[in-house]
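Reviewing the structure listed below.
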2 protein chains.
Amino acid sequence: MGNVPYLALHLISEGGPAIASILDIAKKAGVSKTTVSKVLNRQYGVHAETRKRVLEAAEALHYTPNIAARSLVMSKSGVIGVVYDSFRSPLYMELATQLEHHAMVSGYRLVFCSCNEDPDAKSGYIRYFMGGAADGIILFGSAEGDEAILDQVTAVDYPCAVIENHVEHLSIPNVLIDNLSGAAQAVDYLYERGHRAIAHVTGNLLHKVAVDRRDGFVKAMEEHGLSAPPERLLSTEGTIGCGTKAAAQLLAMKERPTAVFVFNDLIAYEMMDALHQARCRIPEDLSVVGFDHLVGLLSFKPGPLELTSLSQPLSDVAAAAIDLVAALVAGNAPQEKVRLFWPELKEGNTCRTLPPERASDPE
Amino acid sequence: MGNVPYLALHLISEGGPAIASILDIAKKAGVSKTTVSKVLNRQYGVHAETRKRVLEAAEALHYTPNIAARSLVMSKSGVIGVVYDSFRSPLYMELATQLEHHAMVSGYRLVFCSCNEDPDAKSGYIRYFMGGAADGIILFGSAEGDEAILDQVTAVDYPCAVIENHVEHLSIPNVLIDNLSGAAQAVDYLYERGHRAIAHVTGNLLHKVAVDRRDGFVKAMEEHGLSAPPERLLSTEGTIGCGTKAAAQLLAMKERPTAVFVFNDLIAYEMMDALHQARCRIPEDLSVVGFDHLVGLLSFKPGPLELTSLSQPLSDVAAAAIDLVAALVAGNAPQEKVRLFWPELKEGNTCRTLPPERASDPE
DNA sequence: TTGTATGCGTTATCAC
DNA sequence: GTGATAACGCATACAA
């Protein structure tokens, strides 16, 4: 009766895949659905002979469990969803690889999506995961609109961990790199080598990471009794081409700094290339420190120079994120809301030690 | 009765997210489930006043549709799944970005997963998608074991498109780059510049791409009346470090070739770096042609030299793959099984034109 | 315009 | 050891 349209539809539509169900197996093997389910889930209490018949039928019909039905009844999918703003960085890729690795160890499937910087798409993917496609999500990034999105997540207590973004008033656990420490390490390193006039090239300040690194830079400068005047804070949008723009700005400066701390290696390499073309030598004329240590993530060298840069412990970050979400899914609120990791400065050849006379510059 | 354990479980477990259902909304708004469903799906035939009440209730309860239930009843998820072997290449990332873009245009969600080169994990992800998590899949890559996996897919007529792998006897549509043409372009380019002694560094020959490019190389050489002896075919496993190894092999050759066609830029840049360290100058001592044109995909330069390389039309490839899967999902068998695209040689500065006298070397 | 009833494919409970 | 049967949350044909 009522099921005729469904059945008819199923039989008529030639386009749809012909995936067998437990019921199909049951018919073929001459047993009940329950028995089939038991066999398929490796439960005890099934006659060896029956089990064999069921298994053969399943094989013959190319059975694939319907995960929609399964997660509907179990309210669990075994999946963790990861939401990116963009795929376009070797750093993101390495993080993805590490996340996948740790998820597998924890017995979760991991699926990724990128909203390509589109907030609506991001919200859509998150709602998709929250709707049962995943048991929990990992949100990577610190874009401006994320807070509103995270509000929805906390409202229903959905398991979620955020990498790279710390929202104070929300109870969502964060996995963070200490960007302030990173900036301080960069400044300290340059200071020790005699640099006093240090500039900073920011990332996209709509992302918290960029703000943190800039603030960390300013703070570190002040702690050394140095100033970080606005004209030495070159803000960029973190997109392709901004390194070149930053280089132009640097070259146009009346009092050129002796060193620059750049938001990340992507920008820094592009900037160094533009500087090189303008006959500004690195490190002779300008010292550069980056962030992310791309050389460590790539099989090739991202430029003629090896950039001195801060390396992030991506494996630790990934493990912590998976851990947090897995704990939340299991119903255990994590003890600590913030898992903080320290970046480590890796020395390259883009920084010069200034001769003493310059080092004793005023201020 | 029977539902008590379910309800009790739901109420007791503090860990689970508290996501409201249509039934919850219905109760709160004082209407039936059907009405709520209608409102939520923007259907006509609902009183404005009722609609408002429902919407308010949904908002208040932070309603998120359960996609498991929805896709169970509709046998559609609105998702296309993409399966990668690895995330570790700028090429893969750019392809992902393009795929995401085109999927959004087609109204599909796109979720990615990487099996990290583990065949079992790959099979698991594919079965997961086939089980209803996605309406169709795009498999990227040409690893050796893929054929067995694709057998399962075709057995149940599940919508699937493969990028970079052509399995002759299966009816799965393929999106391909003409690797033979790519190799021929590389050889032609070098031949025109006087090179006769040309070597080839392969990729992982367990992947069909690598085999195709090698075969294309050999064929193109023969068409020029040149030979491609085994000792000039340096096979690698495509992993990190193999470029360095290939460089060592090249340097150890008794009769060193004047040019090398390398499987991809990743290997080529690593190789060139090792060669540089061994004081082998490029292009003076050796000309190099790569594949993938990484410079076009990165915001920074992947090395001091700009590698002459074959560029793949990734946007076209992505569009074709999405198109194919979307068509299959809609029940339309694509007219053509193979969508072939041509790579384009982008000239860099890693190839030298040999002086006439050398060019006329015998064979 | 609204509500009732049914089924999607699975797991889980409980009789046989 | 095995098999009915009842949910999971949703969409829809159909009755009211």
Side-chain angles (χ1 to χ4, degrees), chain A residues 1-10 13 16-17 19-27 29-54 58 61 63-78 130-133, chain B residues 1-10 13 16-17 19-27 29-54 58 61 63-78 130-133:
Chain A
M1 293 300 186
N3 82 6
V4 166
Y6 280 95
L7 265 179
L9 192 73
H10 182 261
S13 80
I19 296 187
S21 71
I22 284 194
L23 184 58
D24 297 323
I25 300 177
K27 281 189 204 150
V31 294
S32 76
K33 291 194 296 176
T34 309
T35 306
V36 175
S37 182
K38 269 188 179 164
V39 171
L40 262 27
N41 293 311
R42 296 138 211 272
Q43 290 174 5
Y44 294 109
V46 177
H47 197 86
E49 166 64 25
T50 315
R51 150 169 276 122
K52 192 175 157 228
R53 275 217 318 283
V54 168
L61 295 171
Y63 173 73
T64 303
N66 183 309
I67 66 104
R70 175 180 285 176
S71 45
L72 182 59
V73 65
M74 301 188 68
S75 17
K76 274 225 163 350
S77 64
M130 286 176 63
Chain B
M1 294 300 185
N3 80 8
V4 164
Y6 280 96
L7 266 178
L9 191 73
H10 181 261
S13 82
I19 296 188
S21 71
I22 283 194
L23 185 58
D24 297 322
I25 301 177
K27 279 189 204 151
V31 295
S32 77
K33 291 194 295 177
T34 310
T35 307
V36 175
S37 182
K38 269 187 179 165
V39 171
L40 263 27
N41 293 310
R42 297 139 211 269
Q43 291 175 6
Y44 294 109
V46 176
H47 197 85
E49 166 64 23
T50 315
R51 150 168 276 122
K52 192 174 156 230
R53 275 215 319 282
V54 169
L61 295 172
Y63 174 73
T64 303
N66 183 309
I67 64 105
R70 175 178 284 177
S71 45
L72 181 58
V73 65
M74 301 188 68
S75 5
K76 278 233 159 342
S77 63
M130 285 176 63

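In this text the structure is predicted, and so the values were computed from the model without any measurement. The chains referred to below are lettered A, B, ... by the order of the sequence lines, with proteins before strands, and numbering in each begins at 1. No hydrogens, no waters, no symmetry mates; every other heavy atom, side chains included, goes into these values.
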Can you see if the side chain of A/Asn41 gets near the phosphate of C/dT11 - specifically, an N or O under 4.0 Å from OP1 or OP2?
yes

Rounded distance [0.5 Å steps], OH in A/Tyr63 versus CE in B/Met130
12.0 Å

The helix from C/dT1-D/dA16 to C/dC16-D/dG1: angle between terminal helix axes, five bp per end, to the nearest 10 degrees, reads 40°

Rounding to 0.5 Å, atoms OG (A/Ser71) and CG (B/Leu72) come to a distance of 9.0 Å

Whole-Å distance between D/dA11 P and B/Leu40 CG?
7 Å

Among the nucleotides C/dT11, D/dA11, D/dG9, whichever has the atom closest to the side chain of A/Leu72 is D/dG9

Grab the CG-C1' distance between B/Asn66 and D/dA11 for me, whole Å please.
13 Å

To the nearest angstrom, the CZ-C1' distance between B/Arg70 and C/dT10 comes to 20 Å

Checking side-chain contact (heavy atoms from CB on, under 4.5 Å) against A/Arg53, which of A/Val31, A/Val39, A/Val36 comes through?
A/Val31

Look up atom NZ in B/Lys33 and atom CG in B/Asp24, then write down how far apart they are to the nearest 0.5 Å.
11.0 Å

For C/dT11, take OP1 and OP2 only and decide whether either is under 4.0 Å from a side-chain N or O of A/Ser37.
yes

CG on B/Leu23 to OG on B/Ser37, rounded to 0.5 Å:
12.5 Å

When the distance from NZ of B/Lys76 to P of C/dG9 is rounded to whole Å, what number comes out?
13 Å

In whole angstroms, how far is the C1' atom of C/dG3 from the CG atom of B/Leu23?
13 Å

Just the atom pairs and distances: protein N or O near nucleotides 1-3 of chain D's N or O, under 3.5 Å.
{"residue": "D/dT2", "atom": "OP1", "partner": "A/Thr50", "partner atom": "OG1", "Å": "2.7"}
{"residue": "D/dT2", "atom": "OP2", "partner": "A/His47", "partner atom": "N", "Å": "2.7"}
{"residue": "D/dG3", "atom": "OP2", "partner": "A/Ser32", "partner atom": "N", "Å": "3.0"}
{"residue": "D/dG3", "atom": "OP2", "partner": "A/Ser32", "partner atom": "OG", "Å": "3.4"}
{"residue": "D/dG3", "atom": "OP2", "partner": "A/Thr35", "partner atom": "OG1", "Å": "2.7"}

Here the gap from B/Ser21 atom OG to B/Lys27 atom NZ, rounded to the nearest 0.5 Å, amounts to 7.0 Å

Gap between atoms CD1 and C1', on B/Ile19 and D/dG9 respectively (whole Å)
12 Å

Spatial distance of atom CZ (B/Arg70) from atom CG (B/Asn41) [nearest 0.5 Å]
6.0 Å

Considering only heavy atoms from C-beta outward, does the side chain of B/Ile19 approach that of B/Asn66 to under 4.5 Å?
no

Nearest-Å distance, CD1 (A/Ile22) to P (D/dA7)?
19 Å

Sequence neighbours excluded, which residues qualify as side chain to side chain contact (heavy atoms under 4.5 Å, CB included) partners of B/Ile67?
A/Tyr128, A/Ala133

Write down the distance between CD1 (B/Ile25) and P (D/dA11), rounded to a whole number of angstrom.
10 Å

